[in-house]
Amino acid sequence: MKKPHQKMSKFPELILNWYDQHARDLPWRVKGGGSVDPYHVWLSEIMLQQTTVPTVGPYFQKFLSLWPTVNDLALAPLDDVLTAWAGLGYYARARNLYKCAVIVRQNYGGIFPKSEDALLELPGIGPYTAAAIAAIAFDQPAVVVDGNIERIITRVFRLDAELPKGRPEIAAAAGGVTPKLRAGDYAQALMDIGSRICSPKKPKCNDCPVSDLCVCAHADDVGIYPKKAPKKQKPNRSAIVLWICNAQGQLLLRRRPEKGLLGGMMEFPSTEWRTDVVLDGAMRGEASELLQNFGLSRSADTEVSCLKPIKHTFTHFHLHLHPYVVTLEPDEQVMSNEVVWALPTEFTEYALPTLMKKVEKAVAVDQPVLPLI
Ligand code: ADE
């Protein structure tokens with residue numbers, strides 16, 4: 001078996017040479033060494049947190065056409081920003097994005113700070129994002145470590161450090177090979193290699209610019225790195241969601257509390273999302289109470305129809321929502337100032353999260369299957 005090079009000093013050069021020839025053409029990148037706009041870098045990095053490159057592309061373009069500068073974004077109504085974000089998920093990111101834009105406008109005159117430390121102080125910017133912005137937008141020699149880079153580094157060095165606990169060890173190894181010059185190009189090169197070549201499954205070692213240096217490639221066990229601690233099972237939660245339709249065909253929506261999951265987004269009202277509770281009398285009782293809070297004296301036990309449940313997976317749990325359809329009589333009134341009525345054709349004006357779009361779809365395609373007794 002051929003021995004890998006002991007010295008990794010060639011690593012950054014090989015990576016950068018590869019990038020010069022093979023960099024992906026992405027909307028937030030500037031070709032030919034032109035100067036990048038820190039606003040574009042920041043916006044793309046926030047969108048790319050937990051979202052893939054192909055999904056982010058159109059959202060990135062839409063945001064830039066609506067708000068060409070960070071000051072424009074800061075002056076937009078928050079609701080418009082949340083609406084434009086709808087579909088990207090993890091809505092706390094959109095709220096932090098907005099907060100960050102406001103701070104950059106108010107405290108920095110619309111110019112992003114350059115240092116990793118100052119970036120870290122801003123909402124929505126954690127250690128990875130601060131390093132990525134410092135490196136890509138300002139060419140600072142920051143050590144950028146995302147999941148792609150962790151994968152490459154653990155394979156090249158054949159590090160047994162288990163994720164997530166072993167992150168500091170992996171970051172230290174990454175720091176040891178990060179170049180002082182072109183740190184932004186270097187980080188993006190590793191991201192590209194991580195997504196196209198050093199992929200989690202079936203890595204294309206023959207196409208890799210550093211396969212000669214890669215200890216795992218030589219040991220022929222690339223596929224088992226990075227090592228991961230066994231995953232905990234996600235708990236299940238369930239609730240009833242109410243599809244309340246008036247005689248004009250409008251649906252009742254309300255705003256979720258600002259804090260917490262899907263904070264501030266519009267929703268079809270639901271009972272509390274309880275852990276491991278199945279659709280039972282107690283849950284239907286809660287749904288009846290919710291209807292009564294709206295001034296509707298209906299029993300979810302007998303007077304509404306129930307559709308097949310939908311499943312939605314969040315970071316920490318699976319949610320099973322049972323849609324209940326409630327059709328109001330022409331003279332029936334909802335007693336609440338905290339709701340809005342919207343036709344399905346108007347839903348695009350509201351920041352409806354993906355979960356609620358699933359509810360809409362379930363109601364549209366499904367017929368009542370379980371008449372309640
Ligand atoms: N993922 C996060 N940031 C990225 C970038 N700048 N290029 C490609 N993928 C990324």
Side-chain angles (χ1 to χ4, degrees), residues 12 15-64 70 85 87-90 92-94 96-97 100 112 114 116 119-120 122-155 163-164 167 170-171 174-175 178-179 181-201 203-204 207-210 226 315:
I15 296 289
L16 284 166
N17 287 345
W18 179 89
Y19 191 67
D20 290 337
Q21 291 180 26
H22 301 283
R24 275 181 293 180
D25 191 5
L26 301 177
W28 47 88
R29 289 190 183 164
V30 174
K31 281 195 228 156
S35 64
V36 283
D37 182 335
Y39 171 54
H40 295 189
V41 175
W42 164 75
L43 184 62
S44 64
E45 287 300 334
I46 301 296
M47 289 182 165
L48 286 160
Q49 292 168 355
Q50 293 130 335
T51 309
T52 61
V53 166
T55 304
V56 164
Y59 281 89
F60 175 80
Q61 307 280 25
K62 175 166 71 176
F63 268 64
L64 285 193
V70 68
W85 188 274
L88 273 179
Y90 301 96
R93 277 192 294 161
N96 281 331
L97 176 96
C100 182
F112 276 87
K114 286 190 166 70
E116 229 178 311
L119 287 162
L120 254 181
L122 294 169
I125 299 188
Y128 158 76
T129 306
I133 298 171
I136 300 169
F138 302 116
D139 229 356
Q140 311 258 349
V143 180
V144 183
V145 190
D146 71 351
N148 283 310
I149 299 177
E150 279 174 347
R151 192 164 58 252
I152 297 170
I153 293 294
T154 51
R155 288 173 174 179
L163 291 173
R167 290 218 156 98
I170 301 167
T178 301
L181 295 176
R182 299 188 65 194
D185 284 350
Y186 169 82
Q188 295 191 92
L190 289 184
M191 291 171 195
D192 287 6
I193 292 169
S195 83
R196 289 153 123 197
I197 296 173
C198 195
S199 41
K201 288 185 188 141
K204 303 184 184 79
D207 296 341
C208 178
V210 289
T315 329

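Residues take their numbers from the sequence shown, with the count starting at 1. Note that ligands are numbered from 1 as they come in the structure, with each ligand's atoms numbered from 1 the same way.
Judged by distance alone, with hydrogens and angles left aside, the side-chain atoms of Trp85 form a donor-acceptor pair with the main-chain N or O of Gly89 at under 3.5 Å. Listed for the Arg196 side chain is no donor-acceptor partner under 3.5 Å among the backbone atoms of Lys204.
The immediate protein surroundings of ligand 1, defined as residues with any heavy atom under 4.0 Å of it, consist of Arg24, Leu26, Trp28, Arg29, Glu45, Leu48, Val53, Tyr128, Ile136, Gln188, Met191.
Between Tyr39 and Phe112, the angle of the ring planes stays under 30°, which puts this pair in the parallel group of the 30/60° scheme.
For the pair Val36 and Val30, the tightest heavy-atom approach, listed with the atom from each and the gap, is CG1-CG2, 3.5 Å.
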Please evaluate residues Leu163 and Ile170 with respect to the criterion side-chain contact (heavy atoms from CB on, under 4.5 Å), reporting the C-alpha separation (whole Å), side-chain torsions for both, the decisive distance (0.1 Å), and the verdict.
CA-CA 9 Å; Leu163 291 173; Ile170 301 167; 3.7 Å; yes

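At most 12 non-hydrogen atoms from other residues, nucleotides or ligands lie less than 6.0 angstrom from NZ of Lys114.
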